[in-house]
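First up is the structure itself, then whatever we jot down about it.
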Number of protein chains: 2
Amino acid sequence: MSVIKPSLAKGTRDFTPVEMVKRNFIYDTIKTVFKKYGYAEIQTPSFENLSTLTGKYGDEGDKLIFKILNSGEFLKDPKKKDFDFAAEENSNKLIPMISEKALRYDLTVPFARYVVMHQNEITLPFKRFQVQPVWRADRPQKGRYREFYQCDVDVVGSASLLNEAEFILIYNEALSNLGLKDFSIKINNRKILSGIAEIIGKPELIIDMTVAIDKLDKIGLDGVSKELLERGFTEADLEKLRPVILLEGSNTEKLASLKTVLAQSETGLKGIAEIEQVFEYVESLIAYSLPLTAKLELDITLARGLNYYTGCIFEVKTNEVAMGSIGGGGRYDDLTGMFGLKDLTGVGVSFGADRIYDVLEELDLFPTATEIGTKVLISNFDAEAEKYALPVLQQLRNAGIAAELYPSAAKLKKQMAYADAKKIPYVVLVGGDEMASGELTLKDMQSGEQKKLSVLGILDLLKGA
Amino acid sequence: MSVIKPSLAKGTRDFTPVEMVKRNFIYDTIKTVFKKYGYAEIQTPSFENLSTLTGKYGDEGDKLIFKILNSGEFLKDPKKKDFDFAAEENSNKLIPMISEKALRYDLTVPFARYVVMHQNEITLPFKRFQVQPVWRADRPQKGRYREFYQCDVDVVGSASLLNEAEFILIYNEALSNLGLKDFSIKINNRKILSGIAEIIGKPELIIDMTVAIDKLDKIGLDGVSKELLERGFTEADLEKLRPVILLEGSNTEKLASLKTVLAQSETGLKGIAEIEQVFEYVESLIAYSLPLTAKLELDITLARGLNYYTGCIFEVKTNEVAMGSIGGGGRYDDLTGMFGLKDLTGVGVSFGADRIYDVLEELDLFPTATEIGTKVLISNFDAEAEKYALPVLQQLRNAGIAAELYPSAAKLKKQMAYADAKKIPYVVLVGGDEMASGELTLKDMQSGEQKKLSVLGILDLLKGA
């Protein structure tokens, strides 16, 4: 076996113990809220049949799906004789001959597959959450990885706008519990966007319109206007669009303006009514309860994957750190149609765990590692002290305290360095005096303070700590 | 987009909400014990460079590694011109041209890679656990999947046999906490096996010897004898081997017999001393603590991946259900040598989560789902009742109670069927009388009992439940 210097596959990461504590803090906080709102966890396999995934994410998406090579002697397949390997440079033609599986690209398509395959055992509405990695063959760059986690929560089979309102509360509660203090939940509705395109008289250009106005943040009104003209709108159209794009004021004021603008569009008014109903649900839910920490903002420039959503659209941003969206989602009226199950409405949102990680890191909001790892290290100076320490060690563990005995006799300095490196908050010193008196020395590693205590005294102190 | 009937990739599984609750019960129970013994969690990426994995699992293992197709236009690579695709039928020659990544086959090799890459930031001894899926292109069959979970716990950089003793306690505590009442932890030592081969005068046949005697359970003494003769041992050798293979009695008695048999083998005696030291550590650890539920048995027919282990070897079996081993492991003196970091000793064990799942299912040891999912469903009969229910719903959630409002007005029967399907233990009925009096009807779905309670009364009752 030749020795190779090991490296990580491009775009992937190891997670160290400290990073895992932080990541679990995010997952656990979010999952706890999902459960409180009646959502149940499912998991789907890491790889799916290629046919389940291809054609769902557009041509660009298809290229970013990681395909798995068939195992066994796939070159013996007679089909490959028809393929001119030497001349052919288009890998797409070869792929179906040598691959029939691929890694999950997102959690939504596997969920749709799940709903269709389990339709006879599911009771609707089906409320599920899913926290799993996904893989994309993107070019890796800062903050973009080839393996990353999605935290999705969706309900299928319920048209009620109560679901939309609850997602606002789920975002509010989960992000507050993670320590965020200033964040915005932006909401829009596909029907409002359709209404606007209708009023201008260009319903067929709705996608061009939304793609352009979605960029208002980045390229400003002039940029958006330029792009709209390039995409087939006229100066006269822009006259009508501009006041809508620049809509200001409170949500109530924006809704009132929109009602005037969209008075002639049935679809547009329906979108407004949906937003109003969602806001009303949120008001009622929080009536005798916690206030909304989040800023809830109607933003009609918000589009996200428009072809997909049919009703409300959400996006979440923190106002404390410069960072793209940390969550988003919306309603899609025909999620499972791609697998032959028609007319099943769904609505869901997602938390971007990796971006939330970066935000919490920057704002220093993670609990300190000392709260989670080993709580106490018992020293080990010689065979006699080790023998003395063994039952003490096990008594600590039986009291639910994470404890270690340094596994062999070593110098005090080395053992202290170990405790420091693992951020262990307490060390119990067992020396000759301690064994003679039965009072062990407990050292608080943060303050440096030492006190002599019986084993029971140590148990009491650490159980309370 | 053509509609296809969806299916799972061969050998993979979806996990439903009920299954996830059960799986999380296993993972959480095991992880809690790992942490109590001072182990910290890490995760490694799902795929590694192909060169990190190949050559580590033998030729058969290499074939079972799932390779990932390079993305982009890999057929443009000039190297492929040298390959005669039309004539060549050996896929192995093509693989390096079209694949440079592969899915994790186990957790041990990625852990070794992790240790080598992080050696400058790790403080030894490094105690880590890892609970992640692994993938193998095995032919799927009952109980064997292409994606399954491993729960590994290892320490590197400590030669102390305290670690071995603690793994026995970890198995004991985790499996007891999962509800198992009768299980065996078998222990052996590679040095004892070497000693036996030495005494017979065939040290070079140690692998043949252990492969054969490892089968004693399955093929009996006659079968083992036959295989030993085929593998190069003589009748005279068998004479010497037989009493060792058939060793009976308590652990103390077996150790005494072995000391006589192996008196001339320094290595063999070292193995015996190691086992004795481990037993001594276990005795001391449990002196003032919980008794050992597990049967701890010296079993010199136990071999497992012998080429790998250098000291103690473990295997765990339940005696309540017919099932292969549900865990195992041992000490390996040169884990990281394959990546150029020499002389780093390690010892670790693994829990087979999927087999443990089957055992708990068969023995009906899983907690009921009602203890974990949504606790209360509020009925929804019309807009007025819904409006009334919204703040009640949120008060329940703010008290930490998982609660749902049926998301739209529906017939009672439908709502009750929903509660039944989700195994929700309580339903709150909100009708005209309830809204008039402020006393809501709380129905216990198990007993059918109904009582009228204020919102505060319901909160009190459910917080205690």
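Every chain is numbered from 1, with letters handed out A, B, ... down the list of sequences. Being a predicted model, the structure only gives us computed values, none of them experimental.
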Keeping B/Asn49 on the side-chain end and A/Ser7 on the backbone end, is there a donor-acceptor pair under 3.5 Å?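 It does hold such a pair.
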
Take B/Leu69 and A/Ile98 through the side-chain contact (heavy atoms from CB on, under 4.5 Å) test and state the conclusion after the steps. CA-CA 9 Å; B/Leu69 205 51; A/Ile98 60 175; 3.7 Å; yes

Mind checking what makes side chain to side chain contact (heavy atoms under 4.5 Å, CB included) contact with A/Glu100, not counting sequence neighbours?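 Per chain and number, A/Glu100 pairs via side chain to side chain contact (heavy atoms under 4.5 Å, CB included) with A/Asn70.
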
Side chain from CB out, backbone as N, CA, C, O: work out which of these in [X] comes under 4.5 Å of a heavy atom of chain A, or both, or neither.
{"X": "B/Gln43", "value": "both"}
{"X": "B/Ser158", "value": "side chain"}
{"X": "B/Leu390", "value": "both"}
{"X": "B/Phe126", "value": "side chain"}
{"X": "B/Leu124", "value": "backbone"}
{"X": "B/Asp420", "value": "neither"}

Given side chains that start at C-beta, do those of [X] and [Y] come closer than 4.5 Å, heavy atoms only?
{"X": "B/Thr16", "Y": "A/Tyr114", "value": "yes"}
{"X": "B/Glu386", "Y": "A/Tyr281", "value": "yes"}
{"X": "B/Glu41", "Y": "A/Asn24", "value": "yes"}

Report, one line per pair, each donor and acceptor closer than 3.5 Å where one atom sits in a side chain of residues 391-401 of chain A; sequence neighbours left out.
from	atom 1	to	atom 2	distance (Å)
A/Gln394	OE1	A/Arg397	NH1	3.2
A/Gln394	NE2	B/Tyr37	OH	2.6
A/Arg397	NE	A/Ala403	O	3.1
A/Arg397	NE	B/Lys36	O	3.4
A/Arg397	NH1	B/Glu166	OE2	3.0
A/Arg397	NH2	A/Ala403	O	3.0
A/Arg397	NH2	B/Glu166	OE1	3.3
A/Arg397	NH2	B/Glu166	OE2	2.9
A/Asn398	ND2	A/Gln394	O	3.2
A/Asn398	ND2	B/Ser289	OG	2.5

Set out, in order, the CA-CA distance, both residues' side-chain angles and the distance that settles side-chain contact (heavy atoms from CB on, under 4.5 Å) for B/Ile68 and A/Lys67, then state yes or no. CA-CA 6 Å; B/Ile68 296 172; A/Lys67 285 99 188 163; over 6 Å; no

Could you give me the CA-CA distance, side-chain angles and deciding distance for B/Ser284 and A/Lys387, then say whether side chain to side chain donor-acceptor pair (under 3.5 Å) is met? CA-CA 7 Å; B/Ser284 298; A/Lys387 177 107 184 146; 3.2 Å; yes

Any side-chain donor paired with an acceptor under 3.5 Å for B/Ser71 and A/Lys63?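 Per modelled atom types, B/Ser71 and A/Lys63 side chains form no pair under 3.5 Å.
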
